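Everything numeric in this text was worked out from a predicted model, so none of it was measured. One is the number of the first residue; the rest follow in order along the sequence. These values consider heavy atoms only, across backbone and side chains, with no hydrogens, waters or symmetry-generated copies.
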Amino acid sequence: MVLLENDSFLTELTRLFQKCRSSGSVVITLKKYDGRTKPTPRKGNPETFEPSDNKCLIRASEGKKKISTVVNTKEVIKFQMAYSNLLRAHMDGLKKKDKKSKSKKTKAT
C-alpha cells in the first residue's frame, strides 16, 4: 500500500475512477487513525499511547492497486471539499435499481 500526500492521493483516486469507468469498482474506506504503526499487545503490559491529535486514514483500492493517505485535523475541511467534488464528478455511472423486481417481491408475500 502506498501512503500519499492529500493532493497526490486525490489525483491518483481520479485516475482510479477513470480506469474503472467502464468496468470494475473502487473500494474506499475511512477510519480513525491514531498514529500507531504496530498493533497493540493482547496480554501483558499494554502500552499507554496518547495520540497528539485526531487523524483520518483513507484507503482506496482497485484490484491490486492500493493507495492511502492520512488527513490531519487542520486539513479536514479542505480535503473534504475536494473529495466531495471528486465523488460528485465520478459517480454518474451508477446503475439505477430495477423497480420491477421490487414489485414482484411484494406480490409474492
Novice: State, to 0.1 Å, how close Tyr83 and Leu13 come at their nearest heavy-atom pair, and which atoms those are.
Specialist: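 What the structure gives for the nearest pair is CE1-CD2, 3.9 Å.
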Novice: Can Phe79 and Asn72 be said to form a side chain to side chain contact (heavy atoms under 4.5 Å, CB included), step by step?
Specialist: CA-CA 10 Å; Phe79 184 83; Asn72 292 325; over 6 Å; no
Novice: Quick one: are Ile67 and Leu16 in side-chain contact, heavy atoms under 4.5 Å?
Specialist: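 They are in contact (side-chain heavy atoms under 4.5 Å apart), so the answer is yes.
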Novice: Could you list all the salt bridge (charged side-chain N to carboxylate O under 4.0 Å, His left out) pairs where at least one residue sits in residues 59-78, not counting sequence neighbours?
Specialist: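 Non-adjacent pairs meeting salt bridge (charged side-chain N to carboxylate O under 4.0 Å, His left out): Glu12-Lys65, Lys19-Glu62.
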Novice: Quick check: do Tyr33 and Val71 have side-chain heavy atoms less than 4.5 Å from each other?
Specialist: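 When only atoms from C-beta onward are counted, Val71 and Tyr33 do not touch, as no gap falls below 4.5 Å.
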Novice: With a 4.5 Å cut-off on side-chain heavy-atom distances among I, L, V, M, F, W and Y, is there a chain of contacts connecting Met91 to Leu30?
Specialist: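 Linked, Met91 and Leu30 end up in one cluster.
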Novice: From Arg21 CZ over to His90 NE2, what is the distance, rounded to the nearest 0.5 angstrom?
Specialist: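 Answer rounded to 0.5 Å: 5.5 Å.
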Novice: What pair of heavy atoms forms the shortest contact from Thr14 to Leu10, and how long is it?
Specialist: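 For Thr14 versus Leu10, the nearest heavy atoms are OG1-O, 2.8 Å.
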Novice: If you count every heavy atom of other residues, nucleotides or ligands that lies below 6.0 Å from Glu5 atom CD, does the total exceed 12?
Specialist: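 12 or below, so no.
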Novice: Which heavy-atom pair separates Asn6 from Thr69 by the least distance, and what is that distance?
Specialist: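 In this case the closest contact between Asn6 and Thr69 is OD1-OG1, 2.8 Å.
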Novice: Verify, without hydrogens or angle tests, whether Thr73 (side chain) and Asn54 (backbone) share a donor-acceptor contact under 3.5 angstrom.
Specialist: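 Yes; at least one donor-acceptor contact below 3.5 Å.
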Novice: For Ile58 versus Phe9, what's the shortest heavy-atom pair and its separation?
Specialist: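 Looking at all heavy atoms of both residues, the closest pair is CG2-CZ, 3.7 Å.
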Novice: So if you build clusters from Ile, Leu, Val, Met, Phe, Trp, Tyr with side-chain heavy-atom gaps below 4.5 Å, do Met81 and Phe17 land together?
Specialist: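 Cluster IDs for Met81 and Phe17 differ.
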Novice: Between Val27 and Val2, is there shared hydrophobic-cluster membership here, with clusters defined by ILVMFWY side-chain heavy atoms closer than 4.5 Å?
Specialist: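 In one cluster: no.
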Novice: Quick one: salt bridge (charged side-chain N to carboxylate O under 4.0 Å, His left out) pairs with a partner in residues 79-88, sequence neighbours left out?
Specialist: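 Listed by first then second residue: nothing to list.
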